[in-house]
Amino acid sequence: MAKSYAYVGAPSFIGAVEGRLADAGFSRVSDVASADIVVTFATSGSALEDLYFGDEGLVTTAAPGSTLVDLSAATPNFAREINAVATVNDLVMVEAPATMRSLVAADAFARENLLGPVATEAELTDEVRRLLDAIFGEVVEVGAPGRAQLLRNTHTLPLAADLVSAIEAVALDDASARSVGALDADQIPLFSPVSADPVVQAVRQQRYTGDYTAEMLLAELSAALMAADDAEVILPGVEATMHLLELLVVIGGADMAPAALSLVYQDEAAGARAGLDWTRAEVAYGHPASEEDEDWSAYDDEDGCGYDHFREDHDYDDYDDFAPYNDDFDYSSN
């Protein structure tokens with residue numbers, strides 16, 4: 001008899017993996033209480049907290065003896081908290097944060113692009129292992145609760161840094177080629193068309209849509225920053241990347257692929273063609289635009305690099321959804 005599972009979380013994820021689970025012998029049910037295994041993938045920290053500890057949270061609605069497999073990004077401390085509460089409620093908790101091998105893969109949730117670090121206090125049953133093998137191209141058991149989130153951090157943070165550095169290289173390439181007059185208007189920039197870097201290729205191909213979104217990456221980096229705060233470690237590079245992603249989210253790019261971060265460095269016309277709206281940033285950051293507002297017009301840069309759309313005095317208090325694990329954390333303090 002096929003094992004049943006229920007899924008709660010991002011529709012794009014289950015849409016990508018449901019066929020693989022069916023091929024592995026799993027039958028999806030809609031009722032959490034009737035499922036042998038409950039798979040979850042929240043795209044923000046607050047959503048994850050509500051999912052497990054809300055009024056209809058899984059720690060109380062899942063059937064005793066069932067297994068909860070969480071694929072979300074969280075801090076190690078929060079992962080341990082979920083595990084402890086699940087154990088008290090006679091549930092088996094498996095922490096398996098979905099970890100991208102490439103942030104800009106055309107098929108982000110393809111099995112070969114998914115690494116599955118797994119942490120649990122219980123021994124994995126054959127059924128749970130089979131489910132994980134259907135989702136992930138590689139499953140790595142790393143020990144006690146919290147450790148899988150640590151592995152995700154060490155894998156994702158360098159990828160996020162590479163994402164931003166490659167995007168900034170493309171922005172510099174484009175702006176410099178125009179400013180020095182090295183190329184005619186109908187010529188292409190020098191280095192990026194022949195670059196083998198996957199981020200550069202994604203930007204040049206304008207792959208701004210995909211299942212893995214800026215919101216999902218933002219949740220991963222937020223959890224990493226919360227873990228750093230708990231450990232009293234400052235990660236300025238991660239904070240800077242967070243601010244860029246937050247800006248992309250504000251102007252309408254939450255559901256866009258990470259390569260769309262390049263639009264933050266381009267002019268407003270390019271953003272508008274992709275469906276972004278810079279006036280949302282004016283509202284979010286408390287700086288209404290007007291014809292008399294000369295300061296704001298300075299941010300509409302002529303080179304199209306877009307970096308000056310940032311203002312150093314931004315207040316990030318509006319982003320609590322991405323940082324629920326430590327409400328006292330202040331992004332503007334660093």
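Across all non-hydrogen atoms, the minimal contact from A35 to S66 is O-CB, 3.7 Å. Taking both residues in full, the closest heavy atoms of F109 and M216 are given as CZ-SD, 3.9 Å, listed atom of the first, atom of the second, then distance. A pairwise comparison of heavy atoms in A202 and V104 identifies CB-CB, 4.0 Å as the closest pair. Across A108 and N113, no two heavy atoms sit closer than the pair O-ND2, 2.8 Å. Nearest heavy-atom pair across I167 and A259 is CD1-O, 4.2 Å. In terms of heavy atoms, L150 sits closest to P76 at CD2-CG, 3.5 Å.
Between the CE atom in M256 and the CG atom in L245 there is a gap of 12.5 Å [rounded to 0.5 Å]. Taking CG from L103 and OG1 from T156, the interatomic distance works out to 6.5 Å, rounded to the nearest 0.5 Å. Atom CG in D255 sits 8.5 Å away from atom OG1 in T43 (nearest 0.5 Å). Here the straight-line distance linking atom CG of L131 with atom OG1 of T125 works out to 9.0 Å at 0.5 Å rounding. Here the CG atom belonging to L248 is positioned 11.0 Å from the CD atom belonging to E215, to the nearest 0.5 angstrom. L115 contributes atom CG, which lies 13.0 Å from atom OG of S102 (distance to the nearest 0.5 angstrom).
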Test D36 against S4 for side-chain hydrogen bond (donor to acceptor under 3.5 Å, both in side chains), laying out the working first.
CA-CA 5 Å; D36 300 307; S4 65; 3.1 Å; yes
Might you work through the side chain to side chain contact (heavy atoms under 4.5 Å, CB included) test for V118 and L132, ending with a clear yes or no?
CA-CA 9 Å; V118 176; L132 295 172; 3.8 Å; yes
Walk me through whether D277 and I251 qualify under side chain to side chain contact (heavy atoms under 4.5 Å, CB included).
CA-CA 5 Å; D277 183 358; I251 62 177; 5.6 Å; no
Please determine whether side chain to side chain contact (heavy atoms under 4.5 Å, CB included) holds for the pair L91 and T67, giving the CA-CA distance in whole Å, both sets of side-chain angles, and the decisive distance to 0.1 Å.
CA-CA 6 Å; L91 301 167; T67 300; over 6 Å; no
Where do V39 and L71 land on the side chain to side chain contact (heavy atoms under 4.5 Å, CB included) test, with the steps shown first?
CA-CA 7 Å; V39 180; L71 311 179; 3.8 Å; yes
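Checked by atom type and distance alone, the side chain of T120 never pairs as donor or acceptor with a backbone atom of V94 at under 3.5 Å. Formation of a donor-acceptor pair under 3.5 Å by the R101 side chain with backbone atoms of L114 is not found in this model.
Annotation: cation-pi geometry not satisfied between R111 and F136 (NZ/CZ under 6.0 angstrom from ring centroid, within 45° of ring axis).
The pair D133-R20 fails the salt-bridge criterion, with no side-chain N (NZ, NE, NH1 or NH2) lying under 4.0 Å from an Asp/Glu carboxylate O. For R204 and D197, the salt-bridge test fails: no basic side-chain N is under 4.0 Å from an acidic carboxylate O. Taking the charged nitrogens against the carboxylate oxygens, R129 and E141 do have a contact shorter than 4.0 Å, which makes a salt bridge.
Counting heavy atoms from C-beta on, the side chains of Y208 and L276 never come closer than 4.5 Å. Side-chain contact between V38 and D70 is absent, with no heavy-atom pair separated by less than 4.5 Å. Proximity of Q149 to R152: side-chain heavy atoms (C-beta onward) are separated by under 4.5 Å at one or more points. The shortest distance between side-chain heavy atoms of F53 and I82 falls below 4.5 Å. Contact of the V69 side chain with the M93 side chain is not registered, since no non-hydrogen atoms from C-beta on lie closer than 4.5 Å. Contact of the L48 side chain with the F78 side chain is registered, since non-hydrogen atoms from C-beta on lie closer than 4.5 Å. Residues P117 and P97 have side chains in contact (heavy-atom distance under 4.5 Å, counting atoms from C-beta outward). For the pair E168 and V164, the minimum side-chain heavy-atom distance is below 4.5 Å.
Side-chain contact, E56 with T61: no donor N or O sits under 3.5 Å from an acceptor N or O. Inspection of the T40 and Y52 side chains reveals an N or O donor paired with an N or O acceptor under 3.5 Å.
Note: F13 and Y7 have parallel aromatic rings, judged against thresholds of 30 and 60 degrees for the angle between ring planes.
Here side-chain hydrogen bond (donor to acceptor under 3.5 Å, both in side chains) pairs that include residues 79-100, with residues two or more places apart or in two chains, are N77-R80, N83-E121.
One hydrophobic cluster holds both V233 and L221 under the rule that ILVMFWY side chains link at heavy-atom gaps under 4.5 Å. Linking Ile, Leu, Val, Met, Phe, Trp and Tyr residues whenever their side-chain heavy atoms come within less than 4.5 Å places F26 and F41 in a single cluster. Hydrophobic clustering (side-chain heavy atoms under 4.5 Å, transitive across Ile, Leu, Val, Met, Phe, Trp, Tyr) keeps V29 apart from L68. Side-chain heavy atoms closer than 4.5 Å link hydrophobic residues (I, L, V, M, F, W, Y) into clusters, and following such links, even through other members, never connects I135 to V142. Residues L217 and V250 share a hydrophobic cluster, clusters being chains of Ile/Leu/Val/Met/Phe/Trp/Tyr side chains in contact below 4.5 Å.
With a 6.0 Å radius and a threshold of 12 heavy atoms from other residues, nucleotides or ligands, D55 has its CG atom at or below the threshold.
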